[in-house]
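None of the values given here were measured: they were computed from a predicted structure.
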Amino acid sequence: MKLTWLGHSGFRLEIGDQVLLIDPWLTGNPSFEGHDRAAAIAGATHILLTHGHFDHAADALALSKELGAPLVGVFDLMDHWERREGALVVAFHKGGTVPLGDVDVTMVNAVHSASIDGGDRPIYAGAAAGYMIAHGGRVVYVSGDTDVTADMQIFQDLHAPEIGILCVGGHFTMDQKRAAYAARTFFDFKMIVPCHYKTFPMLAQDVDELRAELPDVAILAPGVMETVTL
């Protein structure tokens with residue numbers, strides 16, 4: 001299993017027979033600027049979206065059409081894009097599991113808002129979500145944008161993820177202290193990959209606090225377009 005950070009909350013996850021782009025915001029992403037776009041998206045089979053905010057989904061439609069890769073996400077947003085844009089979609093909702101090749105993806109709860117740009121006003125885009133991505137007995141939890149929730153205990157009980165991709169930047173999501181609390185209280189992670197940080201000055205610029213709070217967990221903090229083996 002290989003994971004490449006695309007900056008902010010974007011990832012390229014090579015797992016089983018899939019190459020998943022997760023929240024791949026590339027255009028206008030100051031973290032990704034100057035990096036190899038072709039390498040980031042090559043061979044992608046599906047585009048997995050946690051919610052509709054621009055810093056997660058702004059490139060989604062264009063990438064889907066360019067790659068012929070279906071968009072995967074919450075029903076409301078997928079239905080909107082399918083009807084209005086003719087997009088290829090896999091639409092489901094929280095508690096549901098969909099097979100993507102030999103990988104199973106379960107949508108789980110996240111506490112955040114969700115909208116897309118409607119010009120003079122935001123347009124409702126369903127709910128924000130996280131994902132459990134499972135293959136070969138291993139599970140990766142993608143938190144999406146969220147705060148700590150008691151639901152995380154249920155996530156652990158039902159899915160037992162060994163890897164957590166957690167938002168840690170603060171301001172718009174849980175910060176490092178809260179992410180560490182979630183990991184320590186609800187999960188039994190072997191590895192954590194932080195995201196939703198460094199992009200803007202208002203967000204955390206390092207993960208020093210996370211490392212200090214979780215000395216027994218491997219904190220992997222790759223650079224942009226750096227690949228780590230999980």
Side-chain angles (χ1 to χ4, degrees), residues 3 8-11 13 20 22-23 25 48-57 72-78 91-98 104-116 122 124-134 138-200 202-204 207 209-214 216-221 230:
L3 184 71
H8 198 55
S9 286
F11 290 92
L13 177 61
L20 306 178
I22 303 169
D23 288 349
W25 175 42
L48 191 61
L49 299 175
T50 62
H51 64 294
H53 287 160
F54 78 93
D55 56 330
H56 299 256
V72 182
V74 71
F75 173 83
D76 311 69
L77 180 56
M78 297 300 103
F92 66 135
H93 224 302
K94 295 176 184 180
T97 300
V98 294
D104 288 331
V105 177
T106 301
M107 187 183 295
V108 298
N109 195 34
V111 180
H112 196 66
S113 63
S115 63
I116 57 175
Y124 168 76
Y131 294 103
M132 294 290 173
I133 303 173
R138 305 183 71 197
V139 181
V140 179
Y141 168 48
V142 178
S143 74
D145 285 8
T146 192
D147 188 17
V148 183
T149 76
D151 292 355
M152 291 173 175
Q153 183 63 66
I154 298 172
F155 303 166
Q156 173 64 28
D157 292 346
L158 289 177
H159 300 279
E162 65 176 274
I163 299 158
I165 299 176
L166 305 182
C167 56
V168 301
H171 197 88
F172 298 107
T173 72
M174 58 186 176
D175 59 14
Q176 294 179 68
K177 182 177 181 179
R178 298 173 80 84
Y181 173 87
R184 187 172 54 245
T185 304
F186 300 116
F187 294 105
D188 188 21
F189 294 129
K190 294 180 181 177
M191 292 174 274
I192 291 174
V193 181
C195 67
H196 213 282
Y197 77 115
K198 283 190 174 183
T199 326
F200 309 114
M202 67 185 66
L203 304 182
V207 289
E209 184 177 4
L210 189 70
R211 293 186 191 280
E213 292 272 353
L214 298 171
D216 298 326
V217 180
I219 308 298
L220 307 181
L230 304 176

How about His8 and Phe200: are their ring centres within less than 6.0 Å of each other?
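Yes - the distance between ring centres of His8 and Phe200 falls below the 6.0 Å cut-off.
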
Pairs touching residues 182-191 that satisfy salt bridge (charged side-chain N to carboxylate O under 4.0 Å, His left out), sequence neighbours left out:
Arg184-Glu213

What residues form a ring pair (Phe, Tyr, Trp, His ring centres under 6.0 Å) with Phe186, not counting sequence neighbours?
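Partners of Phe186 under the ring pair (Phe, Tyr, Trp, His ring centres under 6.0 Å) test: none.
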
Is a donor from one side chain sitting under 3.5 angstrom from an acceptor on the other, for His196 and Asp145?
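Per modelled atom types, His196 and Asp145 side chains form a pair under 3.5 Å.
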
Are the side chains of [X] and [Y] in touch, meaning some heavy atoms are under 4.5 Å apart?
X      : Y      : value
Met107 : Val74  : yes
Tyr124 : Asp76  : yes
Val105 : Leu48  : yes
Met191 : Leu230 : yes
Leu210 : Tyr197 : no
Ile163 : Val139 : no
Val72  : Leu49  : no
Tyr141 : Val108 : yes

With rounding to the nearest 0.5 angstrom, report the CZ to OG distance, Phe172 to Ser9.
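Taking CZ in Phe172 and OG in Ser9, the distance rounds to 11.5 Å.
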
Mind checking side-chain hydrogen bond (donor to acceptor under 3.5 Å, both in side chains) for [X] and listing every partner two or more places apart, or none if nothing turns up?
X      : value
Tyr181 : none
Thr106 : Thr97
Ser115 : none
Asp104 : none

Mind checking what makes side-chain contact (heavy atoms from CB on, under 4.5 Å) contact with [X], not counting sequence neighbours?
X      : result
Asp175 : Lys177, Arg178
Ala91  : Phe75, Met78
Thr149 : Val111, Thr146, Asp151, Met152
Thr50  : Asp23, His56, Tyr131, Val142

When the ring planes of Phe189 and Phe187 are compared, do they come out parallel, tilted or perpendicular, using 30° and 60° as the limits?
parallel

What's the shortest heavy-atom distance between [X] and [Y], and which atoms?
X      : Y      : value
Ile219 : Pro194 : CG2-CD, 4.4 Å
Ser143 : Cys167 : OG-N, 3.2 Å
His53  : Ser113 : CE1-OG, 3.2 Å

Using the side chain to side chain contact (heavy atoms under 4.5 Å, CB included) rule, pick out the option among Leu214, Leu166, Val168 that qualifies with Gln176.
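Output: one option passes, namely Val168.
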
For residues 154-166, which residue pairs qualify under side-chain hydrogen bond (donor to acceptor under 3.5 Å, both in side chains), counting only residues two or more places apart or in two chains?
Arg138-Glu162, Gln153-Asp157

